[in-house]
Amino acid sequence: MSQTAQIGAQETNARLAGQMRAGVYRGKDRVVVESVPIPQIREGEVLFRVAACVICGTDIKKIHHGFIAPPQILGHELAGTVVKVGRGVKKFKAGDRVVSFHHIPCGACFYCERKLFSQCAGYKKVGLTAGFDPNGGGFAEYVRAMPWIVERGMIALPPDVSFEEATFVEPVNTCLKAVRKARVAKGETVLIVGQGPIGMLLMLLANYEGAEVFTSDPIPGRRAASVRFGAKKSFDPSAVSMLDEIRKLTAGRGADAVLVAVPNPSLVAEALAVARPGGRVLLFAHNDPVMQLDFPAAAVGVEEKEILGSYSASLEDQEESASLVLERRLQVRELISHRFPLERIAEGLELAARPADNTLKVMIVHE
Ligand SMILES: [Zn+2]
Ligand SMILES: [Zn+2]
């Protein structure tokens with residue numbers, strides 16, 4: 001940064017110096033609401049006031065398993081209002097309502113050329129922070145967006161779309177990418193295992209692609225919601241055999257694709273059994289580096305079933321996922337089941353980790 005730009009940034013920063021409230025991850029199972037400095041922005045950056053931030057399953061994993069080193073401020077499915085822009089920012093101004101991705105691929109490396117955006121080294125660099133090591137920052141009142149996010153990862157909201165709805169742009173993108181990696185096609189029979197908020201989005205999107213979608217979840221409230229939102233039928237895996245049920249529906253063949261949205265290792269062999277010969281199994285929730293998976297080799301080596309993975313969002317689906325949410329082509333609003341103010345974030349995290357019958361998306365809303 002040049003000397004003059006630095007002085008300019010310091011001047012603007014002085015006007016918004018001060019403290020804010022933030023839910024700070026302080027160690028395994030411990031998020032404490034405390035006062036921290038409002039982030040200072042530099043050239044090309046934007047400071048926005050968070051209005052709503054969803055608690056994502058990955059936040060829960062990081063917090064409950066202590067996967068990351070404290071202190072950190074998590075929360076990456078967020079929307080808010082721009083309060084200040086750094087020198088050189090042309091795309092946004094104070095007062096703009098925005099939704100923001102927290103990482104964006106470089107667009108030029110080996111992986112980006114092959115559209116494997118999540119494997120881009122630049123993508124792994126988180127560009128939203130409320131302080132400490134950048135990790136989203138949506139569990140704080142203010143978030144600083146770095147230049148590459150401002151340029152390519154922030155989207156202005158239409159006036160009639162609420163902040164709460166807008167927070168779905170990132171998870172919808174992530175789920176749309178997964179449904180497309182599983183090559184879900186019109187008329188196919190698809191089983192989505194798990195009807196938590198992400199399983200529910202996968203169901204909505206497989207429906208959007210024209211498939212006949214069946215789901216399963218042990219929680220009765222989730223099965224009822226799944227059918228209400230568009231699943232053909234939702235099975236209780238503790239009461240019926242999913243294999244039998246899906247075979248009955250497919251002349252004994254099995255599902256064309258099975259998407260697993262529960263991080264349980266034993267479900268992989270079951271999903272493979274439910275998939276028809278040559279079918280696809282997409283593991284959406286199995287991202288634990290320590291967990292080992294067991295399945296019969298012949299499922300892959302003889303029956304030619306494919307095991308696929310999908311991680312995070314895709315730049316290719318960014319426009320479509322934004323339009324699905326912002327033009328209300330997907331019913332995402334109904335997926336919000338609980339709202340907590342920042343001061344009660346610990347309760348929200350607890351509920352998201354141990355969902356009740358009616359728990360879907362749990363959101364932190366900042367007044
Ligand atoms: Zn997420
Ligand atoms: Zn790249």
Side-chain angles (χ1 to χ4, degrees), residues 57 175-288 291-310 331 335 355 357 360:
C175 291
L176 185 59
K177 172 182 165 181
V179 165
R180 295 208 162 141
K181 274 202 89 172
R183 308 196 301 280
V184 168
K186 196 167 187 262
E188 284 196 326
T189 300
V190 173
L191 173 69
I192 316 279
V193 179
Q195 286 295 279
I198 287 298
M200 204 74 87
L201 281 180
L202 291 170
M203 181 274 288
L204 291 174
L205 288 160
N207 250 342
Y208 166 72
E209 297 286 56
E212 301 264 290
V213 190
F214 299 87
T215 63
S216 73
D217 200 287
I219 301 178
R222 288 187 164 178
R223 290 199 298 276
S226 179
V227 171
R228 203 161 64 240
F229 299 150
K232 284 266 169 317
K233 210 167 174 185
S234 192
F235 304 111
D236 177 359
S238 60
V240 299
S241 150
M242 251 141 31
L243 181 61
D244 292 349
E245 296 297 325
I246 294 294
R247 280 188 173 164
K248 268 187 245 163
L249 293 159
T250 53
R253 270 194 316 272
D256 298 295
V258 181
L259 282 67
V260 188
V262 185
N264 179 339
S266 73
L267 288 172
V268 176
E270 191 175 0
L272 277 166
V274 173
R276 65 160 163 79
R280 292 91 60 197
V281 170
L282 183 126
L283 305 182
F284 191 84
H286 295 79
N287 42 25
D288 181 330
M291 182 187 289
Q292 302 289 308
L293 300 175
D294 254 340
F295 56 86
V300 176
V302 177
E303 296 176 299
E304 301 180 317
K305 296 176 184 179
E306 294 175 52
I307 300 176
L308 301 159
S310 184
Q331 294 305 316
L335 298 185
D357 193 53
L360 285 170

Which heavy atom of [X] sits nearest a heavy atom of [Y], and at what distance?
X      : Y      : result
Ala182 : Ala257 : O-CB, 4.3 Å
Gly254 : Thr250 : N-OG1, 2.9 Å
Leu205 : Leu176 : CD1-N, 3.5 Å
Ser310 : Leu282 : CB-CD1, 4.0 Å
Val281 : Ala275 : CG2-CB, 4.0 Å
Pro197 : Leu335 : O-CD1, 4.4 Å

Would you please name every residue forming a side-chain contact (heavy atoms from CB on, under 4.5 Å) with [X], sequence neighbours left out?
X      : value
Val262 : Val193, Asn264, Leu267
Asp256 : Glu188, Thr189, Arg276, Arg280
Glu303 : Ala299, Lys305
Pro218 : Pro237

Enter the distance from [X]:[atom1] to [Y]:[atom2] here, rounded to the nearest 0.5 Å.
X      : Y      : atom1 : atom2 : value
Phe214 : Leu191 : CZ    : CG    : 9.0 Å
Leu272 : Leu243 : CG    : CG    : 11.5 Å
Leu202 : Asn207 : CG    : CG    : 11.5 Å
Arg223 : Asp236 : CZ    : CG    : 4.0 Å

Flag side-chain contact, heavy atom, 4.5 Å: Phe284 against Pro263: no
Beyond-backbone contact of Arg253 with Arg247, side-chain heavy atoms, under 4.5 angstrom: no
Check step by step if side-chain contact (heavy atoms from CB on, under 4.5 Å) holds for Val179 and Tyr208. CA-CA 10 Å; Val179 165; Tyr208 166 72; over 6 Å; no
More than 12 foreign heavy atoms under 6.0 Å from CG of Asp357: is that the case here? yes
Check the pair Asp294 / Val268 against side-chain contact (heavy atoms from CB on, under 4.5 Å), numbers first and verdict last. CA-CA 8 Å; Asp294 254 340; Val268 176; over 6 Å; no
Holding to side-chain hydrogen bond (donor to acceptor under 3.5 Å, both in side chains), I want the full list of residues that pass it with Lys248, two or more places apart in sequence or in another chain. Glu245
Compile the donor-acceptor pairs under 3.5 Å between side chains in residues 226-235 and protein atoms, sequence neighbours left out, one pair per line.
from	atom 1	to	atom 2	distance (Å)
Ser226	OG	Gln195	OE1	2.8
Ser226	OG	Thr215	OG1	2.8
Ser234	OG	Thr215	OG1	2.7

I'd like to know whether Met200 forms a side-chain contact (heavy atoms from CB on, under 4.5 Å) with Ile192, so could you lay out the CA-CA distance, the side-chain angles of the two residues, the decisive distance to 0.1 Å, and finally the verdict. CA-CA 8 Å; Met200 204 74 87; Ile192 316 279; over 6 Å; no
Go through the steps for Val300 and Ile307 under the test side-chain contact (heavy atoms from CB on, under 4.5 Å), then give the verdict. CA-CA 8 Å; Val300 176; Ile307 300 176; 4.0 Å; yes
